[in-house]
Amino acid sequence: MKKNIIVGLAVVLMLASCNKDEKILNTLNEYNNTMVEKGYHFGDKLELPKEVTENAESISISFGDKETSSLTVDPKFFTLGDNAVTFNIKTKGGKVLNQDATINVFAKNPEKNIAYQIIAEYPHDPKNFVQGFQIEGNTIYESDGQNGSSQILKYTLGTTTPLASTKQAQEDFSEGSTIVGDKVYQLTWQSKKGYIYDKSSLKLLSEFAYPNVLGEGWGLTYDGKNLIASDGSKLLYFLDANNPSKLIKYVAVAGSSQIYDQLNELEYHNGFIYANVWQKPVVLKINPATGEVVGTFDFTDIAKQNTKGSDDVLNGITFKGDNMLVTGKNWPKIYEVQIK
């Protein structure tokens, strides 16, 4: 009888312990869910519920190959945007509890809605599936996609007749491009390589492999020192212009209450990165040092005039002096807008 009582007490204690552990995890899960939309800013402290902290001997957060016991949102550990993390809780009873969560980190300052007005329109060849778009002088350099018809070309603004062009291989899907000195750099979507051309003739000079961290090629620009590439995620990758296979750093992009991914065609101008958001009539103005979105352009009205299906979307940003030129995939026009 005594033995049965002891066994019974052990079972009760074990069930109580399991229930307590379950309550800790449920409480933590509820807290995390309430914070997903609200998010955090750098420097904020995670105010975990007492049900968690009072029953924990230690708490740490792991993120990829990193782990920290600090509950402060530190930019050395977290990035802007969504962070997939795991909470590791060692209870006072000696158990280790784990729970996956998403910690959203937003920019502290709200992004401004940037006003503009259309001051000119130019023809654009509607056959061109624009992936990369830039101007130098009065010459447009354009990278056009689609397997089997991808190319790099250049033409005078106001015309649609190519001055020079080079076709890509059947398997290549051309993506972003940018000018670096007397060369033009161009990405491909899934071929894991880019091309370098002579700017004058668009003759192919060489090719380069992507750094492993760059999953796909989307947008590309140049800040005067490094290439900056996007791959459709929330990240912007800074590459060595002399060796584009070498990653220098990356930054994540977010606004004050929104995570931005699907970053596509890029342009660098006067200290800021401008990024088109794929499938949206939106262009972001981004601080390249922090990844914070400081402003947004809403091109809905322009897009409505040119977007009839799912593919002919806004995609093409460059600057003609201080005015922005915008166009899209298979659009018949290029718009020059003056920023107010």
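Sequential numbering from 1 along the given sequence is applied to the chain's residues. Here the structure is a predicted model, which means the values were calculated and not measured. Basis for what follows: all heavy atoms, side chains included, without hydrogens, waters or symmetry-related copies.
We find the CD-CD1 distance between Glu136 and Ile179 to be 4.5 Å, quoted to the nearest 0.5 Å. Note that CD of Glu51 is 4.5 Å distant from OG1 of Thr27, once rounded to the nearest 0.5 Å.
Remark: the backbone N or O of Gly132 is not paired with any side-chain donor or acceptor of Tyr141 at under 3.5 angstrom. Of the possible donor and acceptor atoms, one in the side chain of Gln279 sits under 3.5 Å from a partner among the backbone N and O of Ser310. Using modelled atom types, one side-chain atom of Gln99 and one backbone atom of Leu25 make a donor-acceptor pair closer than 3.5 Å. A donor-acceptor pair under 3.5 Å links the side-chain atoms of Thr188 to the main chain of Lys193, judged by distance alone. Counting only distance, with no hydrogens or angles, the side chain of Gln134 and the backbone of Ser177 share a donor-acceptor pair below 3.5 Å. For Asp172 (side chain) and Ser174 (main-chain N/O), no donor-acceptor pair under 3.5 Å exists by modelled atom type. The backbone N or O of Ser165 lies less than 3.5 Å from no partner atom in the side chain of Lys154, so there is not a single donor-acceptor pair. The backbone N or O of Pro211 sits nowhere less than 3.5 Å from a side-chain atom of Ser245 that would complete a donor-acceptor pair. Of the possible donor and acceptor atoms, one in the side chain of Thr91 sits under 3.5 Å from a partner among the backbone N and O of Gly93. The backbone N or O of Val130 lies less than 3.5 Å from no partner atom in the side chain of Asn128, so there is not a single donor-acceptor pair.
Of all the heavy atoms in Leu314 and Lys280, the pair that sits closest is CD2-O, 4.1 Å. Nearest heavy atom pair, residue Gly271 against residue Pro288, reads O-CD, 3.3 Å. Closest non-hydrogen pair, Glu121 versus Ile118, comes out as CG-CG2, 4.3 Å. Here the closest heavy-atom approach between residue Leu187 and residue Gly219 is recorded as CD1-O, 3.4 Å. Of all the heavy atoms in Lys333 and Thr327, the pair that sits closest is O-OG1, 2.8 Å.
For the residue pair Gln170 and Asn147, no side-chain donor N or O sits within less than 3.5 Å of a side-chain acceptor on the partner. Side-chain contact check for Tyr122 and Glu336: at least one donor-acceptor pair (N or O, by modelled atom type) lies under 3.5 Å. Side chains of Glu171 and Ser191: no donor on one and acceptor on the other come within 3.5 Å. Looking only at atom types and distance, the side chain of Asp74 has no donor-acceptor partner in the side chain of Thr72 under 3.5 Å away. In the model, Asn138 has no side-chain atom that pairs as donor or acceptor with a side-chain atom of Thr156 under 3.5 Å. Remark: the Asn306 side chain and the Tyr335 side chain contain an N/O donor-acceptor pair separated by less than 3.5 Å. Gln338 and Tyr116 share no donor-acceptor pair across their side chains, judged by distance under 3.5 Å alone. Counting only N and O atoms by type, the side chains of Lys234 and Thr79 include a donor and acceptor under 3.5 Å apart. Remark: the Gln186 side chain and the Gln168 side chain contain an N/O donor-acceptor pair separated by less than 3.5 Å. Using modelled atom types, one finds a donor on one side chain and an acceptor on the other under 3.5 Å when comparing Asn98 with Asn88.
Shown here is Asn212, whose CG atom has no more than 12 heavy atoms of other residues, nucleotides or ligands within 6.0 Å. When the shell of 6.0 Å around NZ of Lys90 is examined, it contains 12 or fewer heavy atoms from other residues, nucleotides or ligands. Open room surrounds NZ on Lys112; 12 or fewer heavy atoms of other groups in view lie less than 6.0 Å from it. Applying the 6.0 Å contact sphere to CD of Gln117 captures more than 12 heavy atoms from other residues, nucleotides or ligands. Dense packing is recorded around OH of Tyr237, with more than 12 heavy atoms of other residues, nucleotides or ligands lying under 6.0 Å away.
Taking the ring centre of Phe272 as origin, the terminal cationic atom of Lys285 falls inside the region bounded by 6.0 Å and 45° from the ring axis.
When hydrophobic clusters are built by joining Ile, Leu, Val, Met, Phe, Trp and Tyr residues whose side-chain heavy atoms come closer than 4.5 Å, directly or via intermediates, Val293 is not grouped with Leu80. There is a path of hydrophobic side-chain contacts, each under 4.5 Å, that joins Val213 to Leu220. Both Leu239 and Tyr185 are members of a single hydrophobic cluster when ILVMFWY side chains are connected at heavy-atom separations under 4.5 Å. Cluster membership check: Met35 shares its hydrophobic cluster with Leu71, using side-chain heavy-atom separations under 4.5 Å among Ile, Leu, Val, Met, Phe, Trp and Tyr. Val277 is connected to Ile273 through a chain of hydrophobic side-chain contacts under 4.5 Å among Ile, Leu, Val, Met, Phe, Trp and Tyr, so both are in one cluster.
Relative orientation of the Phe77 and Phe63 rings is perpendicular, given thresholds of 30° and 60° on the angle between their planes. Ring geometry, His124 versus Phe133: the interplanar angle exceeds 60°, so the pair is classed perpendicular (tilted spans 30 to 60°).
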Next on the checklist: side chain to side chain contact (heavy atoms under 4.5 Å, CB included) for Leu236 and Leu266? Distances and angles first, verdict last.
Outcome noted: CA-CA 10 Å; Leu236 295 173; Leu266 305 176; 4.0 Å; yes
Checklist entry - For Thr178 and Val184, what are the C-alpha separation, side-chain angles and deciding distance, and is it a side chain to side chain contact (heavy atoms under 4.5 Å, CB included)? => result CA-CA 6 Å; Thr178 194; Val184 178; over 6 Å; no
Checklist entry - When you look at Glu216 and Lys192, which way does the salt bridge (Lys or Arg N to Asp or Glu O under 4.0 Å) test go after all the steps? => result CA-CA 7 Å; Glu216 297 179 345; Lys192 297 286 289 184; over 6 Å; no
Checklist entry - Are Phe208 and Tyr195 close enough, and set up right, to give a ring-ring contact (aromatic ring centres under 6.0 Å, His included), and what steps lead you there? => result CA-CA 6 Å; Phe208 58 90; Tyr195 295 113; 8.1 Å; no
Checklist entry - Would Asp322 and Asn270 count as a side chain to side chain contact (heavy atoms under 4.5 Å, CB included) if you check the C-alpha gap in whole Å, the side-chain angles of each, and the deciding distance to 0.1 Å? => result CA-CA 9 Å; Asp322 287 327; Asn270 284 352; 3.7 Å; yes
Checklist entry - side chain to side chain contact (heavy atoms under 4.5 Å, CB included) between Leu157 and Ile334: does it pass, once the steps are laid out? => result CA-CA 9 Å; Leu157 180 65; Ile334 297 169; 4.2 Å; yes
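Side-chain contact between Thr160 and Tyr155: absent, with no pair of heavy atoms (C-beta onward) separated by less than 4.5 Å. Asn264 is listed as a side-chain neighbour of Glu175, based on a closest heavy-atom distance under 4.5 Å. A 4.5 Å side-chain heavy-atom check between Tyr40 and Ile103 finds at least one atom pair inside the cut-off. The closest side-chain heavy-atom distance from Thr290 to Val251 is not below 4.5 Å. Contact check for Leu325 versus Ile135: side-chain heavy atoms found under the 4.5 Å cut-off. Counting heavy atoms from C-beta on, the side chains of Glu67 and Ile61 never come closer than 4.5 Å. Side-chain contact between Val337 and Asn323 is absent, with no heavy atoms from C-beta onward closer than 4.5 Å. By the 4.5 Å heavy-atom criterion applied to side chains, Ile152 and Asp144 are not counted as neighbours.
One finds no salt bridge joining Lys225 and Asp223 here, because no Lys/Arg side-chain nitrogen approaches an Asp/Glu carboxylate oxygen to under 4.0 Å. In summary, Asp21 and Lys95 engage in a salt bridge, as defined by a charged side-chain N under 4.0 Å from a carboxylate O. In summary, Glu54 and Lys92 do not engage in a salt bridge, as defined by a charged side-chain N under 4.0 Å from a carboxylate O.
Applying the ring-ring contact (aromatic ring centres under 6.0 Å, His included) test between Trp189 and each of Tyr210, Phe173, Trp278 identifies Phe173 as the sole match.
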